[in-house]
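In this chain, numbering begins with 1 at the start of the sequence shown.
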Amino acid sequence: MAELINRDDHAKLYLQLYTILKKKIENQEWYSSMQIPTEEQLCRMFNVSRATVRNALMELVRQGYLIRQQGKGTFVSKNFISEGLIMATVFKKLWFENDSIFTEKIVAKTVMMPVGNLSNELNIPENKHVIYIKIIWFAEKDPTMIQESFIPFNICPQLIEEDIEHQSIIELLEKKYNIKTTRVHNYFELIFLNKEISSYFELEENFPAILMNQKVFSGDTVIIVNKFYKKMDNHKIFIAFQRKAL
């Protein structure tokens, strides 16, 4: 039986519906990749208007719980991570799963205009500046990963002057500028390296690699988009999760 909307509650109807549907996903009543009921069906289930349903679904899509596929419907995201978990590495450098000594080298740090789909990923206008940072990670002397970071300039203009070789960007924003990280979304895919990235690895163009796209949020604001290009080698990235205190 569907949980009912409390019309005596002062909270807006769409926020109540958002909370109910979010709970269904977190409790895995609606599981990963599952197609959820249509807007019309949800209207009937909860006796609310189409506008209420649409606003609740839009918020769930924006928060990463749902994805919409044109002509097919709305589905629970494969990349959903329960709010009951936090990423233990969020305030630290990336960890690796063996005993090799890893070092990093900053090869670019500048201010630029967003290119490609970057303005959409950061949820900023196309005419707003972005701080761009590129880092090469070495295992011993062997380049094993390229990190590209994009931060909206208005989030922390002072960041362009900061020394980030000895601390992570997230750690710096947290400790010095009190910009708190509330959640992190990671998306993994197999890619073929373009000419520029492959040159840093001293590999041929179109060499296969793993790309991790990472969005870092403070509340509902995207504060960093990271792109990690990991070449195929024996060095594995280690990302730990721990349950947060309730």
Side-chain angles (χ1 to χ4, degrees), residues 1-90 116-126 152 155 179-190 211-227 239-246:
M1 182 177 178
E3 186 174 343
L4 298 178
I5 298 289
N6 181 3
R7 298 182 187 279
D8 294 327
D9 193 335
H10 293 299
K12 292 182 180 179
L13 294 183
Y14 89 89
L15 290 177
Q16 289 191 57
L17 183 58
Y18 162 81
T19 301
I20 292 170
L21 301 185
K22 183 163 75 79
K23 189 184 300 181
K24 287 181 178 293
I25 299 172
E26 291 175 338
N27 294 339
Q28 296 188 8
E29 181 180 343
W30 288 358
Y31 50 85
S32 176
S33 301
M34 172 184 170
Q35 184 173 7
I36 71 168
T38 64
E39 289 185 2
E40 184 178 352
Q41 289 171 328
L42 290 171
C43 288
R44 292 198 299 266
M45 288 169 62
F46 296 97
N47 191 26
V48 292
S49 69
R50 179 68 69 88
T52 296
V53 169
R54 191 164 292 166
N55 285 336
L57 294 182
M58 285 176 59
E59 184 64 20
L60 287 165
V61 169
R62 192 166 65 87
Q63 296 286 344
Y65 289 87
L66 297 175
I67 55 173
R68 283 187 153 169
Q69 296 184 14
Q70 187 70 30
K72 293 184 178 181
T74 303
F75 299 80
V76 178
S77 173
K78 293 180 181 179
N79 301 299
F80 165 71
I81 298 174
S82 168
E83 287 187 350
L85 299 174
I86 59 173
M87 190 167 74
T89 57
V90 73
N117 195 44
L118 188 57
S119 58
N120 290 331
E121 291 186 84
L122 290 168
N123 196 26
I124 60 172
E126 294 182 356
I155 294 292
I179 300 173
K180 301 298 182 183
T181 298
T182 55
R183 55 196 168 95
V184 178
H185 292 177
N186 295 317
Y187 307 86
F188 296 85
E189 60 181 304
L190 177 65
L211 170 62
M212 181 176 81
N213 279 299
Q214 183 182 79
K215 280 189 177 183
V216 181
F217 292 81
S218 180
D220 294 332
T221 302
V222 181
I223 58 172
I224 308 172
V225 166
N226 288 317
K227 297 181 184 294
I239 301 176
F241 293 87
Q242 66 184 29
R243 187 165 297 280
K244 66 181 179 183
L246 299 177

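Legend: residues meeting salt bridge (charged side-chain N to carboxylate O under 4.0 Å, His left out) with Glu39, ordered by chain and number and at least two apart, are Arg50, Arg54, Arg68. With sequence neighbours left out, the side-chain hydrogen bond (donor to acceptor under 3.5 Å, both in side chains) criterion links Asn55 to no other residue. With sequence neighbours excluded, the residues that form a side-chain hydrogen bond (donor to acceptor under 3.5 Å, both in side chains) with Glu40 are Arg44. The side-chain contact (heavy atoms from CB on, under 4.5 Å) check on Thr19 picks up nothing, with sequence neighbours excluded. Glu189 pairs by the side-chain contact (heavy atoms from CB on, under 4.5 Å) definition with Ile191, Leu211, Asn213, not counting sequence neighbours. Take Ser119 and apply the side-chain hydrogen bond (donor to acceptor under 3.5 Å, both in side chains) test, not counting sequence neighbours, and it matches no residue. Every side-chain contact (heavy atoms from CB on, under 4.5 Å) that Phe75 has, sequence neighbours left out, goes to Gln35, Ile67, Gln69, Lys72. In terms of the side-chain hydrogen bond (donor to acceptor under 3.5 Å, both in side chains) criterion, residue partners of Asn120 (sequence neighbours excluded) are, by chain and number, Asn117.
Of all non-hydrogen atoms in Ser77 and Ser32, the two that sit nearest each other are O-OG, 3.8 Å.
Comment: Glu59 engages Arg62 in a salt bridge, judged by a side-chain N to carboxylate O separation of less than 4.0 angstrom.
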Identify each donor-acceptor pair in which a side-chain atom of residues 215-225 lies under 3.5 Å from a protein atom, sequence neighbours left out, and give them as a table.
unit_1, atom_1, unit_2, atom_2, d
Lys215, NZ, Glu121, O, 3.4
Ser218, OG, Lys180, O, 2.7
Asp220, OD1, Gln63, NE2, 2.7

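Atom CG of Leu42 is separated from atom CG of Asn47 by 12.5 Å, given to the nearest 0.5 angstrom.
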